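Right, one structure below, let's go through it.
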Protein chains: 2
Amino acid sequence: MDTTGEVGSFFKSAFSVDNVIFGFDGGDLKVLLIQRGQSPFKDKWALPGDLVYPNEDLNTAAERVLEQLTGLRGVYLEQVKTFGAVNRHPLGRVITVAYISLIKISNYTLTAASFAQSAKWHSIDEVGHLAFDHNEILESCLRRLKRKVRTAPIGFELLPPKFTLTELQQLYDSVLRLPKHLDKRNFRKKILSMNLLVECSEMQEGVAHRPAKLYQFDSDKYGQFVNEGFIFDI
Amino acid sequence: MDTTGEVGSFFKSAFSVDNVIFGFDGGDLKVLLIQRGQSPFKDKWALPGDLVYPNEDLNTAAERVLEQLTGLRGVYLEQVKTFGAVNRHPLGRVITVAYISLIKISNYTLTAASFAQSAKWHSIDEVGHLAFDHNEILESCLRRLKRKVRTAPIGFELLPPKFTLTELQQLYDSVLRLPKHLDKRNFRKKILSMNLLVECSEMQEGVAHRPAKLYQFDSDKYGQFVNEGFIFDI
DNA sequence: GGGTTTGGTGTGAAAATGACAATAAGTGCT
DNA sequence: AGCACTTATTGTCATTTTCACACCAAACCC
């Protein structure tokens, strides 16, 4: 949420979007935050967001925020929940619609927007106190991600197009944070039995050990299977 | 959404809540609709809803709409999705937050609000073309209900406090609309094995056949079990 | 008391889950 | 070349869950 200058007087009521942008680099699950340049909450970390323009659809606004920050278009975006407590914004009545987006962290280049200079990936459990009610928003989006990653093939949105099964498993491990880690053999059996992954001819490169096979997610096949009643489940 | 009279000039942007109120009477799943008294969409059926007051939380607004229409308080209410297409409302920019509520249909008495005179239960598949984007909203809420009814014990919200297992099964059948009906023996085994139902001493009365045992849902137990890691699943 | 209607119950086959460990294929170093 | 090191890859078995399926019981009505 940006609340600069001249909009002050406009603040009787307004709506905004806030975007919880998730990324994964092989370690922890990450979220992209920006450091606010202005009051209120100057210097605090916050979710990237903006007011919705008068002639802009909500989804469009969320896409715009994402593109301005990351330069990315056409990535996974999902509306999660709307936050509208009367006093959630100190300057007026602003309700905000929270979105999740999932991006391939390697695609992200910190170049695009004016506010991008202060954008930074944070490990999901090294996020401190955020501006506004953004901690609450983040919690909701994280819960949603945890559920959805098991029931729809959206984990792949966080990985490069070609990935190893170990990378995929690590992704699930770090999103789900189950008390016990997933079992390697059972995980591979399950994911391969869905027939949604196609083996690439190439292998992993540049590792100091036996290289793994690379796989790709076949979204066309997934579409077919869904039509036939298939339900993704991990 | 109510858009009467003097608010016309206020319409640059506003937010509203719309409430998809579900009920069940043993037959089909029902939804409570009102017939609009004013333009736009005069005489069309619509979801009950209203603008959110300046000092009112979103949830509070949804509770208010529900109470004004049904006289009920403290019933199940869940935010589902926010609809904000630029032209979804002909008179201005209005984004609306959609809620589901689940009520015990026998508790509903058509007395409360001014607009209640034109409220009526509709079978879920005898809903025609609704005002605004309300068909789309209804679809979203119905999908949500179908998912959630399997993963949380919210079906009971639609039944009287004491119910038979057959009633419960019919509820699931009419919400889920699976290609094959649920199997009686398997359903009873599953639901009873959760230990969430307590058998009442009373029996069903006034039926022209063998009366069934009545059960109650034990929400305290459910709370305990959840703390111990239990996940409701049907 | 016979007919009708719904309530209530158990078993077995098939599938899914979950625990578990040994060999294979590379790299880096000597 | 050989060895140490690291990660990749694969199958079995016991347990649990799922799913299909049919008959007697208990109440009412006449």
Side-chain angles (χ1 to χ4, degrees), chain A residues 25-27 149-151 159-160 162-174 176-216 225 228-234, chain B residues 24-27 150-151 159-160 162-174 176-216 225 228-234:
Chain A
D25 64 1
V149 85
R150 304 188 71 138
T151 54
L159 292 176
K162 300 180 180 185
F163 49 84
T164 69
L165 294 182
T166 302
E167 285 166 349
L168 186 60
Q169 184 183 345
Q170 282 167 346
L171 167 65
Y172 278 100
D173 264 332
S174 51
L176 296 176
R177 300 280 202 99
L178 299 172
K180 324 239 169 196
H181 282 208
L182 297 170
D183 178 85
K184 189 159 46 160
R185 280 180 284 192
N186 294 336
F187 177 79
R188 295 160 94 96
K189 233 183 303 174
K190 190 161 195 175
I191 198 89
L192 288 176
S193 72
M194 293 185 192
N195 281 319
L196 292 173
L197 299 186
V198 301
E199 209 176 303
C200 305
S201 47
E202 309 140 65
M203 303 285 276
Q204 193 181 30
E205 282 175 18
V207 289
H209 55 79
R210 173 174 177 181
K213 289 184 201 161
L214 291 171
Y215 291 85
Q216 274 181 292
F225 290 171
E228 297 161 8
F230 171 75
I231 293 176
F232 186 91
D233 176 58
I234 290 239
Chain B
F24 179 68
D25 64 1
R150 305 188 70 141
T151 54
L159 292 176
K162 298 181 179 184
F163 49 84
T164 69
L165 294 183
T166 302
E167 285 165 350
L168 185 60
Q169 185 183 344
Q170 281 167 346
L171 167 65
Y172 277 100
D173 264 331
S174 51
L176 296 177
R177 300 280 202 99
L178 298 172
K180 326 239 169 199
H181 282 208
L182 297 169
D183 178 85
K184 188 163 49 159
R185 279 181 285 194
N186 293 337
F187 176 78
R188 293 161 95 96
K189 234 181 302 172
K190 191 161 192 173
I191 198 87
L192 288 176
S193 72
M194 292 185 191
N195 283 318
L196 291 173
L197 298 187
V198 301
E199 209 175 305
C200 306
S201 46
E202 310 139 64
M203 303 284 275
Q204 194 182 29
E205 282 175 19
V207 289
H209 55 78
R210 174 174 177 180
K213 289 184 200 158
L214 291 171
Y215 291 85
Q216 275 181 291
F225 290 173
E228 296 161 8
F230 172 75
I231 294 177
F232 187 91
D233 176 58
I234 290 241

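Computed from a predicted structure; not experimentally measured.
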Measure from [atom1] on [X] to [atom2] on [N] and round the result to the nearest Å.
| X | N | atom1 | atom2 | answer |
| --- | --- | --- | --- | --- |
| B:Arg150 | D:dT18 | CZ | C1' | 13 Å |
| A:Gln204 | C:dT27 | CD | P | 11 Å |
| A:Leu214 | C:dG26 | CG | P | 14 Å |
| A:Arg188 | D:dT7 | CZ | P | 14 Å |
| A:Phe187 | D:dT10 | CZ | P | 14 Å |

task = Could you tell me the separation between the CZ atom of B:Phe232 and the CE atom of B:Met194, rounded to the nearest 0.5 Å?
result = 4.5 Å
request  = Enter the distance from B:Lys190:NZ to B:Phe187:CZ here, rounded to the nearest 0.5 Å.
outcome  = 9.5 Å
request  = Please state whether the phosphate of D:dT9, meaning OP1 or OP2, lies under 4.0 angstrom from any side-chain nitrogen or oxygen of A:Lys184.
outcome  = no
note = Walking DNA chain C from its 5' end, the first of A:Lys189 and A:Met203 to be reached, judged by nearest nucleotide, is A:Lys189
For [N], does the base pair up with any side-chain atom of [X] as donor and acceptor (N or O, under 3.5 Å, distance only)?
| X | N | value |
| --- | --- | --- |
| A:Arg210 | C:dA25 | no |
| B:Arg185 | D:dC21 | yes |
| B:Lys213 | C:dG7 | no |

ask   = Around atom CD of A:Glu205, are there more than 12 heavy atoms of other residues, nucleotides or ligands at under 6.0 Å?
value = no
request  = Using heavy atoms to find the nearest nucleotide of DNA chain D for A:Thr166 and A:Asp183 separately, return the residue whose nucleotide is more 5′.
outcome  = A:Thr166
task = Assign each of A:Ala212 and B:Val207 to its nearest nucleotide of DNA chain D by heavy atoms, then name whichever residue's nucleotide is nearer the 5' end.
result = A:Ala212
ask   = Pick from A:Gln216, A:Gln204, A:Glu202: which one makes a side-chain hydrogen bond (donor to acceptor under 3.5 Å, both in side chains) with A:Lys162?
value = A:Glu202
message = What contact category does A:Thr164 fall into here, base, sugar-phosphate, or nothing, at under 4.0 angstrom with non-hydrogen atoms?
response = nothing
